[in-house]
Asks: 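Here you go, one structure.
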Protein chains: 2
Amino acid sequence: MARAATTSDIFNAIAEPRRRQILTLLAPQERTVGDIAIALAIEQPSVSKHLRVLHSTGLVRMRCQGREKYYRTDADALHPLHEWAATFERYWSNHLHRIKQRAEAAAHTAKRPSNK
Amino acid sequence: MARAATTSDIFNAIAEPRRRQILTLLAPQERTVGDIAIALAIEQPSVSKHLRVLHSTGLVRMRCQGREKYYRTDADALHPLHEWAATFERYWSNHLHRIKQRAEAAAHTAKRPSNK
DNA sequence: ACAATACATTCCCATATTAGAATATGTCAA
DNA sequence: TTGACATATTCTAATATGGGAATGTATTGT
């Protein structure tokens, strides 16, 4: 069996550096395909192909206006990725995070002191 | 050109569902290869191959003990992924996150009131 | 209608992949 | 030493890929 299709899930979709660039570029504002190609110095057909993958996984949205198409990142679609990564936060060695974690645990305990 | 090598970066490494499973399994505790194979119902050679990718990207660490090898997730290696995903937090539509964001911005402003 | 513009798609190709089977390597135990 | 056990590697086959070039399609302007 080969690798899973990029269109199957966001983890595969963001495995490609170009696509991560595109997502970053399209997060704050929508852009046309041509704009993206110029901004990232990628051939237009290549941009279209990456956008296809991103669109099929719901990572970008598209709006037609005449012969131009405006794409924009749908950041909500990255939520699952963020959550998956967050499940490992508790195992980070970084002290600040461990402190934050303890503080949150303490706050949680304080809220239900008799919950043995 | 084909897709980038899985060994090149963590984004490619975690694109494979099996490897995400392994990372999740090995986050709280180390396990031997055989344990992993049984726990996830994967053939042993397959586990070894996935571990090779994970190890080469620094996502797991290995400890030899006799003929057994204990692997464990190195959660710190997932930090870059978490950070990348976090850059999109400000674009989430979720209200709770937006509120938190505004609160943090306000706190930041309060700390330096004259910093025009 | 026709040319120009903006995107999308198709074809080809070199390459990286995953699973499975078989095999190799290394370590322990009798 | 020899066999059993734990893991790693090699080989094969099927498949998905991304870039480049060429082409298709839709929309605009004259």
Side-chain angles (χ1 to χ4, degrees), chain A residues 1-23 25-26 29-73, chain B residues 1-23 25-26 29-73:
Chain A
M1 196 186 294
R3 210 190 303 194
T6 55
T7 51
S8 61
D9 63 57
I10 62 174
F11 288 92
N12 276 282
I14 67 164
E16 179 66 18
R18 300 281 202 195
R19 286 197 284 267
R20 291 201 297 278
Q21 284 181 9
I22 292 174
L23 287 177
L25 181 70
L26 299 182
Q29 60 181 321
E30 64 180 7
R31 282 176 185 263
T32 64
V33 178
D35 268 3
I36 300 167
I38 292 170
L40 301 181
I42 312 176
E43 297 293 325
Q44 173 267 312
S46 216
V47 173
S48 283
K49 279 182 270 192
H50 284 310
L51 286 173
R52 192 151 117 106
V53 173
L54 293 173
H55 193 256
S56 73
T57 54
L59 287 166
V60 298
R61 294 198 172 175
M62 192 258 286
R63 176 174 72 85
C64 293
Q65 182 176 331
R67 59 185 160 187
E68 296 183 322
K69 300 188 179 178
Y70 288 86
Y71 284 89
R72 177 160 190 179
T73 299
Chain B
M1 196 187 292
R3 210 190 305 193
T6 55
T7 51
S8 60
D9 63 57
I10 62 174
F11 287 92
N12 275 283
I14 67 162
E16 179 68 18
R18 301 280 202 194
R19 285 197 284 267
R20 291 202 296 280
Q21 284 181 8
I22 293 174
L23 287 176
L25 181 70
L26 299 182
Q29 60 181 321
E30 64 180 8
R31 282 175 186 264
T32 63
V33 177
D35 267 3
I36 300 167
I38 292 170
L40 302 180
I42 313 175
E43 297 293 324
Q44 173 267 313
S46 215
V47 173
S48 283
K49 280 182 270 191
H50 283 311
L51 287 172
R52 192 151 116 108
V53 172
L54 293 173
H55 193 255
S56 73
T57 53
L59 287 167
V60 298
R61 294 198 171 174
M62 192 259 286
R63 177 175 73 85
C64 293
Q65 183 177 328
R67 58 186 159 183
E68 296 183 322
K69 301 188 179 178
Y70 287 86
Y71 284 88
R72 177 161 189 179
T73 298

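In this text the structure is predicted, and so the values were computed from the model without any measurement. Chain identifiers are assigned alphabetically (A, B, ...) following the order of the sequence lines, protein sequences preceding nucleic acid strands; residue numbering begins at 1 within each chain.
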Asks: Quick check for you: name the first and last nucleotides of DNA chain C, 5' to 3', having an atom under 4.0 Å from a heavy atom of chain B.
Replies: C:dT15 to C:dC28

Asks: Evaluate the criterion side-chain contact (heavy atoms from CB on, under 4.5 Å) for residue pair A:I14 and A:L59; output intermediate values, then yes/no.
Replies: CA-CA 9 Å; A:I14 67 164; A:L59 287 166; 4.1 Å; yes

Asks: Would you kindly give the OH-to-P distance between B:Y70 and D:dA6, to the nearest whole Å?
Replies: 11 Å

Asks: Taking the six-membered ring of A:Y70, is the NZ or CZ of A:R31 close enough (under 6.0 Å from the centre) and on axis enough (within 45°)?
Replies: no

Asks: Distances under 3.5 Å only, N/O to N/O: pair up the protein atoms with those of nucleotides 26-30 of chain D.
Replies:
unit_1 : atom_1 : unit_2 : atom_2 : d
D:dT27 : O2     : A:R67  : NH1    : 3.4

Asks: How long is the straight-line distance from CG of A:L54 back to CG of A:L23, given to the nearest 0.5 Å?
Replies: 5.0 Å

Asks: Given A:H50, which of A:R19, A:E16, A:R18 fulfils the side-chain hydrogen bond (donor to acceptor under 3.5 Å, both in side chains) condition?
Replies: A:R19

Asks: Under 3.5 Å, side chain of A:T57 to main-chain N/O of A:V53, donor-acceptor pair present?
Replies: yes

Asks: Once rounded to the nearest 0.5 Å, what's the spacing between atom OG1 of A:T6 and atom CZ of B:R3?
Replies: 6.0 Å

Asks: About how many Å separate OH of B:Y71 and CG of B:L51, when rounded to the nearest 0.5 Å?
Replies: 5.0 Å

Asks: Is there side-chain contact between A:D9 and A:N12, with at least one heavy-atom pair below 4.5 Å?
Replies: yes

Asks: Rounded to whole Å, please give me the gap between CZ in B:R52 and C1' in D:dT10.
Replies: 10 Å

Asks: Distance check, rounded to the nearest 0.5 Å: A:T73 atom OG1 versus A:L25 atom CG?
Replies: 8.0 Å

Asks: Spell out protein contact along nucleotides 12-18 of chain D as letters: B when the base is contacted, S when just the sugar-phosphate is, - when no protein heavy atom is under 4.0 Å; keep the 5' to 3' order.
Replies: ---BSBB

Asks: Just to be sure I understand the geometry, which residues of residues 37-45 of chain B put a non-hydrogen atom under 4.0 Å away from DNA chain D?
Replies: B:Q44, B:P45

Asks: Does the A:R61 side chain pair with the main chain of A:R72, one donor and one acceptor, at a distance under 3.5 Å?
Replies: no

Asks: Strictly by salt bridge (Lys or Arg N to Asp or Glu O under 4.0 Å), give each pair with a member in residues 42-53 of chain A just once, sequence neighbours left out.
Replies: none

Asks: Who are the salt bridge (Lys or Arg N to Asp or Glu O under 4.0 Å) partners of B:R63, not counting sequence neighbours?
Replies: B:E30

Asks: Nearest 0.5 angstrom please: B:S46 OG to B:I36 CD1, how far?
Replies: 12.0 Å

